[in-house]
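Chain letters run A, B, ... following the sequence lines, proteins first, then strands; residues in each count from 1. What you are looking at is a predicted structure, and each value in this text was computed from that prediction instead of being measured.
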Amino acid sequence: MELLFASGVGVLTAVGVYLCLRARTFPVVLGLSFLSYAVNLFLFASGRLVVARPPIVGPAAPGYTDPLPQALVLTAIVISFGMTALVVVLALRGFLEAGTDHVDGREPDREGRS
Amino acid sequence: MSHAIVAPVVLPALVAAFVVMAARFDLVLQRTLSIAGTLTLLGLALHLFLLAGDGVPRPYLLGAWPAPFGIVLVLDRLTATMLVLAQVLAIAVLLYAVGGWDRQGRHFHALFQFQLMGVNGAFLTGDIFNLFVFFEVLLIASYGLFLHGAGAARLVAGFKYVTVNLVASTLFLFAVGTIYAVTGTLNMADLAVKSAQLGPEQSGLLRTGVALLLLVFSVKAALVPLHLWLPGTYGVACAPVAALFAIMTKVGAYAILRVHLLVFGGDDLPTAGLAEPWLVPAAIATLLLGTLGLLAARTVQRLAAFSVIASMGTLLLALAMPGPAATAATLYYLLHSTVAAAALFLLADLLAERRGAVRDGIVAAPGFPQLDLLAGGFLLGAVATTGLPPLSGFLGKVWILEVVRAHPAWPWLWTALLVTSLLGLLAFARAGSLLFWKPAALPAPVDPQPQARPVLPLVATGGLLALPVLLALFAGPIGRALEASAAQLHDRRGYVEAVLGPGRSAAMVER
């Protein structure tokens, strides 16, 4: 399970970084989303991967899973969700005002200079 | 437990909410509330400064949960100093904005108060995850403020600013996750204790997490090569917003001080000496690049933006030196560079408003109203920024030169500091002579329309420009207060005992 989880986080991060480095706003927005998914999973795993255990210490329970990372993930999800909405609006407004979705606000010329 | 400690976070949140809900369409009421709120905050900050003067860090336990389990705010001398600085800057910026800028778009005052809430919270928090949360609060408000009075250029720059900061926030979360996975805590005092008890097999992971944190704070502090977002942002934002943002790079420097000195700076920790070898060369690069930017700047606002980068280089160089004396010098330069940079941003806008089509471009243009007054202001700002005597920039730089002597490569560091000061001086002299001396040789403008100029922006800018003078005049008492702050920051055991309770620092080895 650890291998699967870690590879998932790694692939999501790699995709996110690649997309963030693109020159158009939409791939950048997608990249930021992928990065936030990756970090949410990463935070979740920082309390160790435990299956079928309650998030509280009880005398009857055979063990417990750390509840704090779950609270951290909730906070991070809310923030990243709000920020994604903001970035989408910003990208759209930029596209409408500048007439291009290039991150520099103007199309590069033939030689690729922007 | 004094409830005044939490007030700098709660009050602006309430004022902002009230402004959005109740005073949405009434600009006069918005201004009144915003100014009254910020003045109250200044009073509170001064009260907290006096409260922290007895030298005991005061924890504020939210919900009265005991320290490592609940959320905790901590007031010590450094926090109180930063709070006073932020509030003084906020008042000047607010007065400037009330002179007309707050009419350019909606919700300026609400966003302004939220920004103050984030800044104050970041200074007060004693918990790394809450540091993240308050960073997000101040960033989200700053996105709104940055787009204030929008336009295509600002939207394009805004997208980059938001993207860079979102990536930095993601890195912050990775760092927090790594540190939590190793230590099982995020409370700063508890981290200082738990890090000392780690086995060698876990110290590598902890070092990774702490290095990631340093990276995040370096983005905020605009350390080369993570500075690329700054000139585009500060050079395009509207003047009062850019002036307010002068405190944001300092939040990054504060976070480095707090986390890397207080929490992870102990000699006994696996993280000891992690930051310094990186900070010194990066700070020198920042200083050089900022100074070259000063020489290349074509508008006064960009000049101010690059002066922020150059001053962050100087600041972080002092920060990387060991010992409380270096920390005190860092703090003095921090106070000075914040107000000097903010004053320059406001001056740039005053010039742009009066010079017609050339705006604040550094080119010769016909004379403009209030030339003498602005020339005097620019002279003060330039003298303060470049570090000429007799203002606080000079005192700060001399103090930094003195503490840099502790470094083995000090002749090189001195050379870098002094040569960049000279180059900065050249840049400001060139700008000043083009802006203020060339107009005398050009024909007078054709019938400059006499219009009523609001007096409030001039007062705000003048007030900010007076601060380097005051910092220099009262350098003795201020320096002693900062030395006490620095000594307190280096007393890691005292901080831990104050937050967690007596006897909890037994696992730490005193440096």
Original post:
Met83(A) and Tyr143(B): side chain to side chain contact (heavy atoms under 4.5 Å, CB included), yes or no, with the steps?
Top reply: CA-CA 10 Å; Met83(A) 293 324 299; Tyr143(B) 304 150; 2.9 Å; yes
[X], [atom1]: over 12 other non-hydrogen atoms inside 6.0 angstrom:
X        : atom1 : value
Phe69(B) : CZ    : no
Ile71(B) : CD1   : no
Met21(B) : CE    : no
Arg53(A) : CZ    : yes
Phe34(A) : CZ    : no

Spacing of [atom1] belonging to [X] relative to [atom2] belonging to [Y], to within rounding of 0.5 Å:
X         : Y         : atom1 : atom2 : result
Asp101(A) : Phe159(B) : CG    : CZ    : 9.5 Å
Leu35(A)  : Thr163(B) : CG    : OG1   : 11.0 Å
Glu136(B) : Thr75(A)  : CD    : OG1   : 11.0 Å
Leu43(A)  : Phe174(B) : CG    : CZ    : 8.0 Å
Tyr180(B) : Leu68(A)  : OH    : CG    : 4.5 Å

Interface moiety of [X] toward chain B, non-hydrogen atoms closer than 4.5 Å:
X        : answer
Thr25(A) : both
Leu96(A) : neither
Val28(A) : side chain

**OP:** Under the side chain to side chain contact (heavy atoms under 4.5 Å, CB included) rule, what do Leu72(A) and Leu186(B) come out as? Steps first, then yes or no, please.
**Re:** CA-CA 11 Å; Leu72(A) 301 187; Leu186(B) 290 171; 3.8 Å; yes
**OP:** Please determine, among Val156(B), Ile179(B), Ile140(B), the option with the most heavy-atom pairs under 4.5 Å with chain A.
**Re:** Val156(B)
What I'd like to find out is whether the side chain of [X] reaches to under 4.5 Å of the side chain of [Y], using heavy atoms alone.
X         : Y         : result
Cys20(A)  : Val167(B) : yes
Leu173(B) : Phe42(A)  : no
Leu147(B) : Leu90(A)  : yes

Subject >> Contacting region of Ser169(B) [heavy-atom separation from chain A under 4.5 Å] >> reply: neither
Subject >> Largest heavy-atom contact set with chain B, pairs under 4.5 Å, which of Gly16(A), Gly47(A), Pro69(A), Ser36(A) >> reply: Pro69(A)
**OP:** Could you pull out the closest heavy-atom pair between Ser46(A) and Gly177(B), with the gap in Å?
**Re:** CB-O, 3.3 Å
